[in-house]
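What's counted below: heavy atoms across the whole structure, side chains too, no hydrogens, waters or symmetry copies.
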Amino acid sequence: MFSIIQWFIFLLANAVAIPIVIGSIFHMEAMEIMLLMQRTFFIIGLACFLQGWLGHKLQIVDGPAGLWVSTFSVFAASIGSTGAAGIEALQLLEMAMILTGVLLMIFGVFRLSGKVISYFTPLVTGVFLTLLTFQLSGTFLQGMFGISDQVQQAQMGGFSIALITFIAVLLFSNFFHGWVKSYAVLLGIALGWILFELLIDQPKETVSSQPWLSIPEWFAWGAPQFDWSIVPVAVLTGLILLSNIVASLSAATEVMDGKARFTVSQMNRGSFMLGVNHGISGVFSGVAVVPLASSAGFIQLTGEKRKSPFMWASLLLIIVAFFPPIISFLAGIPSPIANAALLATFVQLMGLGLRNLMAEELDQRRLTIITVSLLLGSGLMFIPSESFAQLPGTVRQVISNGMLVGTVLAVIFEQLWKKEDRNEVSST
């Protein structure tokens, strides 16, 4: 029972913050955030159970993908985040997640995952992770400052508490051991939430009374909308997420078996089930989930290598999703606190990106590919999406996403500019 509760808290820690962040990006009301959190719990619990049962069959937590959080942010900026424009953006995102799911299922069925993943070298993965942290750090910092379309001035009181939360998560995860390190994010959120309630006088949105039991809603944002502009986004996202499966399987098997070893069959099953879970995320109007490599750290810290507690914890999260009063309480976490906790988790992600970039000697070829990809990718993040209004919708959605552009450039350069033969002798 203790092991089940331990896994459940870890699942919870990876589920509570993202709905609040997405809610702040799209200016959702308290009730909408609560319902999004309910659907997120249901999606994560079901995704974890399906992967453990039919997918890669390992105890790896599926959580909202940082890549999709970035895509939500880009769509909010390029299409709109309020009113009819915000609804349109969310409906396009529903379709994008479903299309990505179909692509991932095709990769799994036709056993293409292993072939595609060869294009994602450490250099490409490093560029992707670095650009991902660049793009989301701005979103998280805006949330910490309380800046939005309605509030243009930084809220320094809330930011001070958010900064304490950020530092607390880093301290818990780097200077503590055992259960404190395992639940660093949850403890940081709890500390920040308490301080925020005690010190910040802020009007609270009230959530109307909810029944004790309710079923997560299908297509809560409306029926999915198709537009050709989302096709390249779906394809590129699906390809990039394959590298996420490899990273998660490698990290988990290394912790449990002493070395990274997983079969091609596991990779293909994991890809297929990731596609199914993307479809579920689109149908239930949430943020698409992916296997989290951080699960390996949790297994290593707790020493819990049995799969059954993980499976029971996944079922428990599904059950909790049917009880709105519990979700309503968790949805009350202040937005600056949720953003600060997520920003702290991206410190390790940024480090992983830099480690991948420096995995091999930084010769002129690698330096050129890295700098060109990062310069153009990060530079596009600072150009307002309205600047590309004259371009076709398909081109606009791609070029507005600097992270996707930079990653694609890295793949192209890496494949076209082959490594020179190190044994070649140059004459003088």
Side-chain angles (χ1 to χ4, degrees), residues 13-30 32-34 36-37 40 63-77 81-82 129-174 183-205 287 294 330-351 353 378 381-382 402-403:
N14 285 286
V16 294
I18 290 293
I20 297 170
V21 172
I22 297 299
S24 65
I25 291 174
F26 282 91
H27 312 292
M28 296 179 183
E29 297 178 354
E32 294 176 296
I33 294 175
M34 190 275 287
L36 174 57
M37 187 172 288
T40 301
L67 176 56
W68 276 111
V69 176
S70 173
T71 304
F72 270 70
S73 179
V74 168
F75 271 59
S81 58
T82 56
L129 291 174
T130 304
L131 287 173
L132 175 63
T133 53
F134 284 172
Q135 187 146 13
L136 287 178
S137 61
T139 300
F140 293 153
L141 276 172
Q142 279 190 348
M144 288 173 66
F145 278 109
I147 299 173
S148 65
D149 290 344
Q150 290 78 21
V151 182
Q152 296 295 325
Q153 188 173 1
Q155 310 299 302
M156 297 310 298
F159 174 74
S160 300
I161 306 300
L163 188 60
I164 292 173
T165 304
F166 175 76
I167 295 172
V169 174
L170 292 181
L171 288 174
F172 290 148
S173 60
N174 286 286
Y183 309 128
V185 174
L186 208 61
L187 291 171
I189 289 175
L191 174 63
W193 193 359
I194 292 171
L195 292 175
F196 197 93
E197 293 293 332
L198 291 175
L199 302 176
I200 304 299
D201 183 19
Q202 181 171 297
K204 295 178 175 59
E205 295 185 70
V287 181
S294 58
L330 294 172
I333 300 172
S335 176
I337 305 306
N339 279 277
L342 279 178
L343 184 63
T345 65
F346 271 69
V347 171
Q348 291 187 347
L349 196 64
M350 182 73 172
S378 60
M381 298 176 188
F382 294 95
M403 181 190 61

If you define the side chain from C-beta out and look only at heavy atoms, does anything of Met350 sit under 4.5 Å from Thr130?
yes
Just verifying a value: how many Å separate Phe72 CZ and Ile18 CD1, rounded to the nearest 0.5 Å?
10.0 Å
From CG (Leu67) to OG1 (Thr71), nearest 0.5 Å:
4.5 Å
Is the closest side-chain heavy-atom distance between Gln142 and Asn339 below 4.5 Å?
no
To the nearest 0.5 Å, what is the distance between OG1 (Thr133) and CE (Met403)?
10.5 Å
Using only atom types and a distance under 3.5 Å, with no angle test, would you say the side chain of Ser81 pairs donor to acceptor with the backbone of Ala77?
no
Minimal heavy-atom distance between Ser70 and Leu132, with the atoms involved, is CB-CD1, 4.1 Å
What residues, two or more places apart in sequence or in another chain, satisfy side-chain contact (heavy atoms from CB on, under 4.5 Å) together with Leu170?
Phe166, Asn174, Ala344, Val347
Does some side-chain heavy atom of Leu141 sit less than 4.5 Å from a side-chain heavy atom of Leu343?
yes
Ignoring hydrogens, what is the shortest heavy-atom contact between Gly188 and Val169? Give both atom names and the distance.
CA-CG2, 3.8 Å
With no hydrogens and no angle check, is any side-chain donor or acceptor of Gln155 less than 3.5 Å from a backbone partner on Gln153?
yes
Working to the nearest 0.5 angstrom, can you tell me the gap between Thr165 OG1 and Ile189 CD1?
8.5 Å
Quick one: does Leu195's side chain get under 4.5 Å of Ile164's, heavy atoms only?
yes
Partner set under side-chain contact (heavy atoms from CB on, under 4.5 Å) for Ile194, not counting sequence neighbours:
Leu198
Rounded distance (nearest 0.5 Å) linking atom CD1 of Ile25 with atom CD1 of Ile22:
4.5 Å
Could you check whether the rings of Phe145 and Phe159 sit parallel, tilted or perpendicular, using 30° and 60° as the cut-offs?
parallel
List for me each residue that meets side-chain contact (heavy atoms from CB on, under 4.5 Å) alongside Ala162, sequence neighbours excluded, and say none if there are none.
Met144, Pro336, Ala340
Closest approach of Pro64 to Thr40 (non-hydrogen atoms, all atoms of both residues):
CG-CG2, 4.3 Å
Can you name the side-chain contact (heavy atoms from CB on, under 4.5 Å) partners of Ser378, sequence neighbours left out?
Leu131, Phe134
Checking Thr139 now: which residues fulfil side-chain hydrogen bond (donor to acceptor under 3.5 Å, both in side chains) with it, not counting sequence neighbours?
Ser73
Which residues satisfy the ring pair (Phe, Tyr, Trp, His ring centres under 6.0 Å) test with Phe196, sequence neighbours excluded?
none
